[in-house]
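Quick note on labels: first sequence line is chain A, next is B, and so on, each numbered from 1.
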2 protein chains.
Amino acid sequence: MNLSKTSKYAFRVLGQMAKNEKELYSAQQLHKEIDVPERYLRRLLTDLSKYGFIKSIQGRQGGFAFARDISKIFLIEIVVAIDGLDSIDGCILGYDSCAFDHACPMHNIWEETKRKVIETLTKTSLKDIQNAGLKL
Amino acid sequence: MNLSKTSKYAFRVLGQMAKNEKELYSAQQLHKEIDVPERYLRRLLTDLSKYGFIKSIQGRQGGFAFARDISKIFLIEIVVAIDGLDSIDGCILGYDSCAFDHACPMHNIWEETKRKVIETLTKTSLKDIQNAGLKL
DNA sequence: ATTAAATGCCACTTGCATGTAGTATTTTAC
DNA sequence: GTAAAATACTACATGCAAGTGGCATTTAAT
């Protein structure tokens, strides 16, 4: 049950880019739109392109654009790429080996809630959040 | 959506102590039973007693025992004491000011899931996990 | 009284995520 | 073909949670 700051940044970036899903965004432009340190953002964008969510275009007039259909990019994929599945799915007490045959005291209590979290992240795509957060 | 390692340790400790809710536990004994570094555990136990979950008894034959009825110690209290409420309740994108009048793109999508997490932590007491995790 | 076994306090160290800097590379505009 | 504007790479710096160490204090057993 952990979402790193970097994953949060990734959500911000990709969420912002999803607003105009075909547009080519430069790091500088994105930095102005969301609150992420510019150099760190640049590295993150490079990483996100390596993960295959976006593609990078080098050179002047370059930038980043989605490499895949945003209706098929699900939040869970982003978290898994950056933090790994265990950050969400791992034992709530942090035990390495916590399974049905050797469960921690909170295993059963937590299971359903964890399932809910994973379900939400699994079924929510960038398309689903495309036009949220604008209503002012 | 963040649970520090320290909170996980606290869950382990208090969960272990709940198995015999009246017993007086020394730090050394608890260290043998759960996987938490001894010195760190000692500091944590002192903190947990300051938070009022347990009481400490100094001197030889001293140790720690619950200060309150474990059926009324809820998991959310432990997280809040150690990490603060925002670690769970805060904006999923990490924005400081994310509320109904200025919501982040994921606010609505995440709201129900967050509610579920908080609900589970709020209604689960140490008594509820008292006898879990023993079945082998 | 002395010793032993426990907690309490404070400062220091370590490890890792986060953040920064410099420079190389790529591509377009002119 | 040269300069400008973008990404790519690699190394270093910083901050904070996690972990360690030394010593003081408290209390019980002997």
Side-chain angles (χ1 to χ4, degrees), chain A residues 1-13 17 23-67 79 81-84 86-87 93-96, chain B residues 1-13 17 23-67 78-79 81-84 86-87 93-95:
Chain A
M1 171 89 167
N2 251 320
L3 200 64
S4 71
K5 204 166 185 178
T6 305
S7 279
K8 289 174 184 169
Y9 284 170
F11 283 167
R12 293 189 194 182
V13 174
M17 290 178 68
E23 192 174 331
L24 187 71
Y25 294 86
S26 73
Q28 202 174 43
Q29 178 184 357
L30 285 167
H31 167 64
K32 284 174 191 152
E33 294 169 342
I34 59 174
D35 186 26
V36 179
E38 186 171 358
R39 297 304 293 267
Y40 199 70
L41 174 58
R42 273 165 51 183
R43 235 176 39 185
L44 176 57
L45 285 163
T46 302
D47 289 344
L48 290 173
S49 72
K50 284 181 181 159
Y51 298 144
F53 301 120
I54 56 180
K55 61 192 170 196
S56 72
I57 294 171
Q58 284 195 325
R60 190 166 172 163
Q61 301 294 95
F64 299 89
F66 283 108
V79 179
I82 295 173
D83 294 333
D86 269 3
S87 68
L93 298 194
Y95 286 121
D96 283 339
Chain B
M1 170 88 168
N2 253 322
L3 200 66
S4 71
K5 205 166 184 176
T6 304
S7 279
K8 290 173 184 170
Y9 285 170
F11 283 167
R12 294 187 194 183
V13 174
M17 290 178 67
E23 191 174 333
L24 188 70
Y25 293 85
S26 73
Q28 203 173 41
Q29 176 184 359
L30 284 167
H31 167 63
K32 284 175 190 152
E33 294 169 341
I34 59 175
D35 185 25
V36 178
E38 186 170 357
R39 295 307 292 270
Y40 200 70
L41 174 58
R42 271 166 55 183
R43 232 176 41 186
L44 176 57
L45 285 163
T46 301
D47 288 344
L48 290 174
S49 72
K50 284 180 182 161
Y51 299 144
F53 301 120
I54 56 180
K55 61 192 169 195
S56 72
I57 294 170
Q58 284 196 324
R60 189 166 173 160
Q61 300 295 93
F64 300 89
F66 283 107
I78 300 165
V79 178
I82 294 172
D83 295 332
D86 269 2
S87 67
L93 298 193
Y95 285 121

Would you mind telling me which residue lines up with the more 5' stretch of DNA chain D, A:Arg43 or A:Arg60, judged by nearest nucleotide?
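This one resolves to A:Arg60.
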Judged by nearest nucleotide, the residue sitting upstream toward the 5' end of DNA chain C, A:Tyr40 or B:Ala27, is B:Ala27
Please tell me whether A:Thr6 and A:Tyr40 have a donor and an acceptor in their side chains that are separated by less than 3.5 angstrom.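 The answer is yes; a qualifying pair exists.
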Indicate whether OP1 or OP2 belonging to [N] is found under 4.0 Å from a side-chain N or O atom of [X].
X       : N      : value
A:Tyr9  : C:dT18 : no
B:Lys50 : C:dC9  : yes
A:Thr6  : C:dT18 : yes
B:Thr46 : C:dT7  : no
B:Ser56 : C:dG8  : yes
A:Ser4  : C:dA17 : no

Mind checking if B:Gln28 touches a base, just sugar-phosphate, or nothing, with heavy atoms under 4.0 Å? sugar-phosphate
Rounded distance (Å) that lies between atom [atom2] of [N] and atom [atom1] of [X]:
X       : N      : atom1 : atom2 : value
A:Ile57 : C:dT25 : CD1   : C1'   : 16 Å
A:Asp47 : D:dT7  : CG    : P     : 14 Å
A:Leu45 : D:dA5  : CG    : P     : 20 Å
B:Lys55 : C:dG8  : NZ    : C1'   : 19 Å
A:Gln61 : C:dT25 : CD    : P     : 22 Å
B:Leu24 : D:dT26 : CG    : C1'   : 14 Å
A:Leu41 : C:dT18 : CG    : P     : 14 Å
B:Glu38 : C:dT7  : CD    : C1'   : 12 Å

Ignoring hydrogens and angles, does a donor from either the side chain of A:Arg39 or the base of C:dG22 sit under 3.5 Å from an acceptor on the other?
yes
What's the separation between atom OG in A:Ser56 and atom CG in A:Leu24, rounded to the nearest 0.5 Å?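 Result: 10.0 Å between the selected atoms.
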Does any N or O in the side chain of A:His31 come within less than 3.5 Å of the main-chain N or O of A:Val36, such that one atom is a donor and the other an acceptor?
->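 Yes, because the side chain of A:His31 sits within donor-acceptor range (under 3.5 Å) of the backbone of A:Val36.
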(request) Check for a donor-acceptor pair, side chain of A:Arg12 on one end and backbone N or O of A:Asp35 on the other, with a separation under 3.5 Å. (result) yes
- Task: Taking the side chain as every heavy atom from C-beta outward, state whether B:Leu48 and B:Phe64 have any atom pair closer than 4.5 Å.
- Result: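 Heavy-atom side-chain distance check fails, nothing below 4.5 Å.
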